[in-house]
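One structure below.
Chain naming here is simple, since letters A, B, ... match the order of the sequence lines and numbering starts at 1 in each. Only a predicted model underlies this, so the values are computations on that prediction, with no experimental measurement involved.
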Amino acid sequence: MKPSLPKGTRDFGPQQMLRRNYLFGILRGAFERYGFQPLETPAMENLSTLTGKYGEEGDKLLFKILNNGDYLAKADQSALQALDSRKLTPSISKRGLRYDLTVPFARYVVMHRHELAFPFKRYQIQAVWRADRPQRGRYQEFYQCDADVVGSDSLMYEAELAGLYDYVFDQIGLPVQIRINNRKLLYGLAEVCGITDRFTEMTVAIDKLDKTGPEGVQKEMEQRGIPAEAAAKVLSSIAPVENSDTEAQLANWKQLLSQSETGLKGLAELEEVFDYAGRTQMSNELIFDPTLARGLSYYTGCIFEVNAIDANMGSLGGGGRYDDLTGLFGLKDVSGVGISFGAERIYDLMEEKGLFPKNLPGQLQLFLIALDEESHKHAFELLQHLRHSGVASDLYPEPAKLKKQMKYANALKVPKVLIIGSEEMKTGMYALKDMSSGEQRKCGIIDVLMELFSKKEG
RNA sequence: GUGGGUAUAGCUCAGCUGGUUAGAGCACCAGAUUGUGGUUCUGGGGGUCGUCGGUUCAAAUCCGAUUACCCACCCCA
């Protein structure tokens with residue numbers, strides 16, 4: 001049998017994993033520093049938890065798990081006869097793979113509402129699965145990295161999440177632009193233009209601005225049943241005003257939305273977020289962007305998106321506030337706000353820009369090579385000392401030919417090799433070789449340790 | 001869900017309108033070099049040409065079906 005991989009899935013080899021772990025480590029550290037607590041939920045959920053949460057499209061993309069045992073005996077016989085897959089599904093599958101991290105999180109919050117201290121802040125880094133057709137940068141199994149707060153409508157959290165984005169991308173060494181808008185402001189715009197019945201259509205169209213340009217958006221809105229004049233008004237309103245700062249832009253919008261209560265509320269929220277954010281030190285820019293819409297989503301307040309400054313890649317993360325996340329599970333009026341990091345894209349960009357450090361945590365640091373039986377035993381003892389001193393190290397399983405062992409060390413990409421023969425064993429002065437420069441010198445075990453630890457810090 | 005592409009060595013791919021024994025680069029193994037990898041040179045191993053069927057004296061090559069993967073759109077991360 002020929003080994004193969006299901007479509008849209010990937011193996012992550014050792015070199016890739018070291019890099020992924022480095023990135024996830026930065027995220028984990030940042031989440032924890034900002035007071036978010038870790039959470040993991042099962043790979044599979046009851047189908048009843050998942051269906052109906054992602055729209056009709058989403059339901060089609062759910063991976064369903066076939067029931068165990070004689071599932072056909074318990075199947076809906078009439079649906080089976082009629083070859084009606086949709087009707088048959090609930091009777092042969094009661095579980096599915098998680099589609100995102102937000103819905104399982106909402107389920108968790110509702111189930112544990114009496115034990116949790118609100119506001120509850122959690123982060124979650126786990127794989128999710130979607131039965132989408134794969135394409136470039138899109139997989140059926142991929143990781144999401146989310147941080148959410150539920151149980152408070154304080155706008156402090158919006159500013160905090162912007163700060164979290166800033167902190168993470170600063171640590172990674174990737175300059176970004178953090179954009180913020182408010183769905184209420186967009187709703188106000190729809191009110192002013194008289195198209196509240198086409199609000200979702202409007203946001204979906206606006207979302208495509210950077211892809212299709214103003215003409216494309218105009219066309220899209222008209223196709224979706226928005227009158228041409230109203231569409232033109234929407235476009236002129238969100239068009240960038242040259243040489244104007246955030247303050248001036250917000251003032252401008254205040255005038256535009258003076259007849260819309262919702263719109264003004266959105267503006268006031270944005271002002272408050274900027275007030276909080278202004279009291280923090282940020283390395284990246286937080287800018288108001290009225291063209292940010294975030295499509296069909298369930299967001300109801302502030303929304304975010306992050307883009308790399310000098311790379312034309314899609315967004316590296318996004319998020320926002322949703323007023324009634326847990327309502328679907330019967331817990332009303334719990335406001336939440338959260339963000340997500342597009343780890344796969346961030347990874348690709350880091351690779352492209354060479355942002356991964358050369359010495360990654362977890363990488364083997366030293367490889368021991370022994371040349372005869374006696375020195376092999378000696379090396380084995382030495383190895384235990386090195387490991388207990390905190391050096392990630394290894395030894396070839398037998399005193400094979402030096403060439404063979406060197407070749408192995410090279411394949412492992414280990415930065416340094418320690419060669420031990422009878423002479424070295426007697427004197428305690430080992431041959432320490434740097435694999436990239438090829439330089440080699442004799443040194444005692446203390447020197448070896450000093451060399452490795454000084455390297456680690458630098 | 002709609003449309004397109006590809007399938008030949010472990011990997012990336014050549015192989016013209018059908019015609020001897022199916023090739024290259026990388027990788028692998030051995031030697032040049034009995035205490036030095038990565039670089040260089042020499043040699044070597046490795047393929048039912050995705051699967052099934054059809055056309056033909058003859059199919060990796062033409063035709064059909066099928067399976068798998070990839071790419072684009074929709075949507076999304």
Side-chain angles (χ1 to χ4, degrees), chain A residues 1-11 13 54-62 85-86 98-102 125-146 200 203-205 207-208 211-212 216 220 223-224 293-298 304-307 313-319 338-349 367-372 375-376 396 399-425 430-442:
Chain A
M1 198 199 70
K2 227 178 176 174
S4 65
L5 219 47
K7 88 171 112 172
T9 65
R10 299 155 291 168
D11 287 324
Y54 309 105
E56 208 171 316
E57 281 294 311
D59 282 357
K60 282 190 213 155
L61 301 181
L62 284 174
S85 310
R86 247 180 98 173
R98 72 166 104 75
Y99 182 87
D100 70 357
L101 301 179
T102 309
I125 300 175
Q126 285 188 281
V128 303
W129 294 269
R130 296 183 186 181
D132 215 352
R133 283 268 180 89
Q135 49 186 285
R136 189 194 239 310
R138 261 174 88 177
Y139 303 94
Q140 294 205 335
E141 178 186 73
F142 61 97
Y143 276 73
Q144 287 195 331
C145 312
D146 285 15
T200 304
T203 59
V204 169
D207 219 30
K208 293 180 181 163
K211 242 189 196 171
T212 63
E220 173 102 22
Q223 270 170 11
R224 289 176 185 264
R294 292 194 70 73
L296 283 165
S297 49
Y298 39 73
F304 302 99
E305 212 160 281
V306 182
N307 289 79
M313 185 175 275
S315 80
L316 301 179
I339 57 172
S340 182
F341 288 81
E344 319 274 357
R345 275 188 186 167
I346 295 170
Y347 179 96
D348 287 347
L349 210 53
F367 190 74
L368 271 52
I369 290 178
L371 299 171
D372 56 58
S375 39
H376 187 256
Y396 203 76
K401 275 200 281 192
L402 177 54
K403 185 175 175 137
K404 190 164 181 166
Q405 300 193 61
M406 283 298 292
K407 212 164 172 169
Y408 182 70
N410 191 57
L412 294 178
K413 295 195 162 66
V414 64
K416 289 201 186 322
V417 161
L418 198 67
I419 301 164
I420 305 162
S422 54
E423 186 66 22
E424 285 84 353
M425 190 177 72
Y430 310 107
L432 181 66
K433 176 164 178 140
D434 183 293
M435 291 296 274
S436 53
S437 69
E439 278 166 38
Q440 188 170 324
R441 67 189 175 85
K442 294 256 174 185

Original post:
Which whole-number value in Å describes the distance from Asp11(A) CG to C69(B) C1'?
Top reply: 15 Å
Original post:
Does any donor-acceptor pair link the side chain of Arg294(A) with the base of C76(B) at a separation under 3.5 Å?
Top reply: no
Subject >> Whole-Å distance separating the CZ atom of Arg136(A) from the C1' atom of C76(B) >> reply: 17 Å
**OP:** Calculate the interatomic distance between Lys208(A) atom NZ and C73(B) atom C1'; express it in whole Å.
**Re:** 10 Å
Original post:
How is Gly55(A) classified with respect to the nucleic acid when contacts are heavy atoms under 4.0 Å: base, sugar-phosphate, or nothing?
Top reply: nothing
**OP:** Can you tell me, in whole Å, how much space there is between the C1' of U20(B) and that of A58(B)?
**Re:** 12 Å
Subject >> Atom pair distance, as rounded to whole Å: OH in Tyr54(A) and P in G1(B) >> reply: 20 Å
**OP:** Would you kindly give the CD-to-C1' distance between Gln135(A) and U2(B), to the nearest whole Å?
**Re:** 13 Å
Original post:
Residues two or more places apart in sequence or in another chain: which of them pass side-chain contact (heavy atoms from CB on, under 4.5 Å) with Gln135(A)?
Top reply: Arg138(A)
Original post:
What interatomic distance, in whole Å, is found between P of A22(B) and the corresponding atom of G46(B)?
Top reply: 13 Å
**OP:** Test Val204(A) against Arg224(A) for side-chain contact (heavy atoms from CB on, under 4.5 Å), laying out the working first.
**Re:** CA-CA 10 Å; Val204(A) 169; Arg224(A) 289 176 185 264; 3.7 Å; yes
Original post:
Should we count NZ of Lys442(A) as having more than 12 external heavy atoms under 6.0 Å?
Top reply: yes
Original post:
When the C1' atoms of C73(B) and U17(B) are considered, how many whole Å apart are they?
Top reply: 36 Å
**OP:** Kindly determine whether Glu344(A) and Arg10(A) satisfy salt bridge (Lys or Arg N to Asp or Glu O under 4.0 Å), including the steps that lead there.
**Re:** CA-CA 12 Å; Glu344(A) 319 274 357; Arg10(A) 299 155 291 168; 3.0 Å; yes
Original post:
Based on Watson-Crick and G-U pairs with both distances under 3.5 Å, what dot-bracket line describes RNA chain B 5' to 3', crossing pairs as [ ] and inter-strand pairs as |?
Top reply: (((((((..((((.....[...)))).(((((.......))))).....(((((..]....))))))))))))....
**OP:** On RNA chain B, check which nucleotide each of Glu344(A) and Lys7(A) is closest to and give me the residue with the more 5' one.
**Re:** Lys7(A)
Original post:
What is the minimum heavy-atom distance between Pro399(A) and Leu371(A), and which atoms define it?
Top reply: CB-C, 3.8 Å
Original post:
To the nearest 0.5 Å, what is the distance between CZ (Arg441(A)) and NZ (Lys433(A))?
Top reply: 14.0 Å
Original post:
How would you label the contact of Asp132(A) with the nucleic acid (heavy atoms, under 4.0 Å): base, sugar-phosphate, or nothing?
Top reply: base
Subject >> Separation between the P atoms of G23(B) and G45(B), rounded to whole Å >> reply: 13 Å
Original post:
Rounded to the nearest Å, what distance is computed from the CG atom of residue Leu5(A) to the P atom of nucleotide G10(B)?
Top reply: 17 Å
Original post:
Counting any heavy atom closer than 4.0 Å, what does Pro399(A) reach on the DNA or RNA strands: base, sugar-phosphate only, or nothing?
Top reply: nothing
Subject >> Greater than 12 external heavy atoms within 6.0 Å of Tyr396(A)'s OH >> reply: yes
Original post:
Tell me: CG of Leu61(A) to P of C73(B), nearest whole Å?
Top reply: 16 Å
**OP:** Evaluate side-chain contact (heavy atoms from CB on, under 4.5 Å) for Leu418(A) paired with Phe367(A), printing each intermediate quantity in order.
**Re:** CA-CA 6 Å; Leu418(A) 198 67; Phe367(A) 190 74; over 6 Å; no
Original post:
Heavy-atom count around Tyr143(A) OH within 6.0 Å, excluding the residue itself: above 12?
Top reply: no
**OP:** Report yes if the side chains of Trp129(A) and Arg98(A) come closer than 4.5 Å at any heavy-atom pair, otherwise no.
**Re:** yes
**OP:** Could you work out the separation of U55(B) and C70(B) based on their C1' atoms and round it to a whole Å?
**Re:** 31 Å
Original post:
Quick one: Glu57(A) CD to A77(B) C1', roughly how many Å, whole number?
Top reply: 16 Å
Subject >> Contact state string [nucleotides 33-40 of chain B, B base, S sugar-phosphate only, - no protein heavy atom under 4.0 Å] >> reply: --BBBB--
Original post:
When you compare G25(B) with C41(B), how far apart are their P atoms, in angstrom units rounded to a whole number?
Top reply: 11 Å
**OP:** Side-chain contact test, heavy atoms from C-beta onward, threshold under 4.5 Å: evaluate it for Met425(A) versus Asp372(A) and give yes or no.
**Re:** no
**OP:** Provide the distance between the two P atoms, one in G5(B) and one in A77(B), to the nearest whole Å.
**Re:** 30 Å
Original post:
Can you tell me how far P in C29(B) sits from the matching atom in U39(B), rounded to whole Å?
Top reply: 12 Å
